[in-house]
**Q** 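Please find one structure pasted underneath; my questions will follow.
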Amino acid sequence: MNLFEDAKQTELPEAQVKWNKLWDMYGFGQLATTDYKSFVLCDYESGVNGEGHSGWFFNTENAEGKETICKYLSALEQVLPAHLYDNLYKAFQSYGTEKEEILCEQADQYFYEHEQEVIEYLQNVANKLEL
């Protein structure tokens, strides 16, 4: 009996294939040139999930400069629901201040509670991708 012969190859649903393609395009930098707003949203979503708002601001500033954070905020204002953008902006205003830790942690928690809205937006972007 060969386990490899018995294992059935299953195909992923098209929505999952497109979701994976979106994140591949983000990871390889292709999304930055084809859909900048979605690129920034992917960066924000993965950054906050990885290291929270404080970490995302810090890493973006160190890699790209503070002006890039401002460009990202402008792009995110166009795609995030108002309540999520307000949350992000409050966290940004606290960045580098004595209130950063507490306010960014609050912003992280709010983001996680409403993250599904971000995921739904990105899933809609992914669904429009050509395979």
**Q** Any luck finding a side-chain donor-acceptor pair between His83 and Glu117 under 3.5 Å?
**A** yes

**Q** Classify the side-chain pair Gln109/Glu113 by whether it contains a donor and acceptor separated by less than 3.5 Å.
**A** yes

**Q** Let's go through Asn49 and Glu115 carefully: what are the C-alpha distance in whole Å and the side-chain angles of both, what is the deciding distance for side chain to side chain contact (heavy atoms under 4.5 Å, CB included) to 0.1 Å, and is it a yes or a no?
**A** CA-CA 10 Å; Asn49 275 311; Glu115 183 179 14; 2.5 Å; yes

**Q** If you measure only the distance, is there a donor-acceptor pair under 3.5 Å linking the side chains of Asn127 and Gln123?
**A** yes

**Q** Please tell me if the side chains of Tyr121 and Ser38 come closer than 4.5 Å, counting only heavy atoms from C-beta onward.
**A** yes

**Q** When you look at NZ of Lys90, are more than 12 heavy atoms from neighbouring residues, nucleotides or ligands closer to it than 6.0 Å?
**A** no

**Q** Evaluate whether atom CD of Gln16 has more than 12 neighbouring non-hydrogen atoms of other residues, nucleotides or ligands under 6.0 angstrom away.
**A** yes

**Q** Do Gln78 and Tyr85 get their side chains close enough for a donor-acceptor pair, meaning under 3.5 Å?
**A** no

**Q** Using 4.0 Å as the upper bound for N to carboxylate O, is an ion pair formed by Glu67 and Lys71?
**A** no

**Q** State the SG-CD distance between Cys104 and Gln93, to the nearest 0.5 angstrom.
**A** 11.0 Å

**Q** How many angstroms lie between NZ in Lys18 and CG in Leu12, if you round to the nearest 0.5 Å?
**A** 14.0 Å

**Q** Under 3.5 Å, is there a donor-acceptor pair between the side chain of Lys66 and the main chain of Glu61?
**A** no

**Q** Determine yes or no for a side-chain-to-main-chain donor-acceptor pair under 3.5 angstrom, with Asn59 supplying the side chain and Gly55 the backbone.
**A** yes

**Q** Using the side-chain hydrogen bond (donor to acceptor under 3.5 Å, both in side chains) criterion, which residues pair with Glu130? Sequence neighbours excluded.
**A** none

**Q** Is there a path of hydrophobic side-chain contacts, each under 4.5 Å between heavy atoms of I/L/V/M/F/W/Y residues, joining Tyr72 to Phe111?
**A** yes

**Q** List the atom of Thr34, the atom of Met25, and the distance in Å for their closest heavy-atom pair.
**A** OG1-CE, 3.7 Å

**Q** To the nearest 0.5 Å, how far apart are CG in Leu22 and CG in Asn124?
**A** 11.0 Å

**Q** With rounding to the nearest 0.5 angstrom, report the OH to CG distance, Tyr36 to Asp43.
**A** 9.0 Å

**Q** Could you tell me which non-hydrogen atom of Lys37 sits nearest to which non-hydrogen atom of Val79, and how far apart they are?
**A** CB-CG1, 3.7 Å

**Q** Quick one: closest heavy-atom pair of Cys42 and Leu31, and the distance?
**A** SG-CD2, 3.9 Å

**Q** Which of these, Trp23, Tyr26, Tyr44, sits in a ring-ring contact (aromatic ring centres under 6.0 Å, His included) with Phe39?
**A** Tyr26

**Q** Find out if a path of hydrophobic residues (ILVMFWY) with successive side-chain heavy-atom gaps under 4.5 Å connects Val17 to Val125.
**A** no

**Q** Between Asn87 and Ala107, what is the shortest heavy-atom contact and its length?
**A** ND2-O, 3.0 Å

**Q** Does any donor atom in the side chain of His53 or Tyr110 lie under 3.5 Å from an acceptor atom in the other side chain?
**A** no

**Q** Please give me the minimum heavy-atom distance between Asp24 and Gln30, naming the atom from each residue.
**A** O-OE1, 4.5 Å

**Q** Decide yes or no on ring-ring contact (aromatic ring centres under 6.0 Å, His included) for Phe57 and Phe92, but give the supporting numbers first.
**A** CA-CA 8 Å; Phe57 296 137; Phe92 176 67; 5.6 Å; yes

**Q** Applying side chain to side chain contact (heavy atoms under 4.5 Å, CB included) to Leu76 and Tyr89, what does each step give before you reach the verdict?
**A** CA-CA 10 Å; Leu76 290 169; Tyr89 194 73; over 6 Å; no

**Q** Can you tell me how far CG of Leu41 sits from CG of Leu122, rounded to the nearest 0.5 angstrom?
**A** 4.5 Å

**Q** Output the distance between atom OG1 (Thr60) and atom OH (Tyr95), rounded to the nearest 0.5 Å.
**A** 8.5 Å

**Q** Are Phe58 and Ile69 packed together at the side-chain level, in the sense that at least one heavy-atom pair is separated by less than 4.5 angstrom?
**A** no

**Q** Testing the 3.5 Å rule here: is there a donor-acceptor pair between the side chains of Glu100 and Ser94?
**A** no

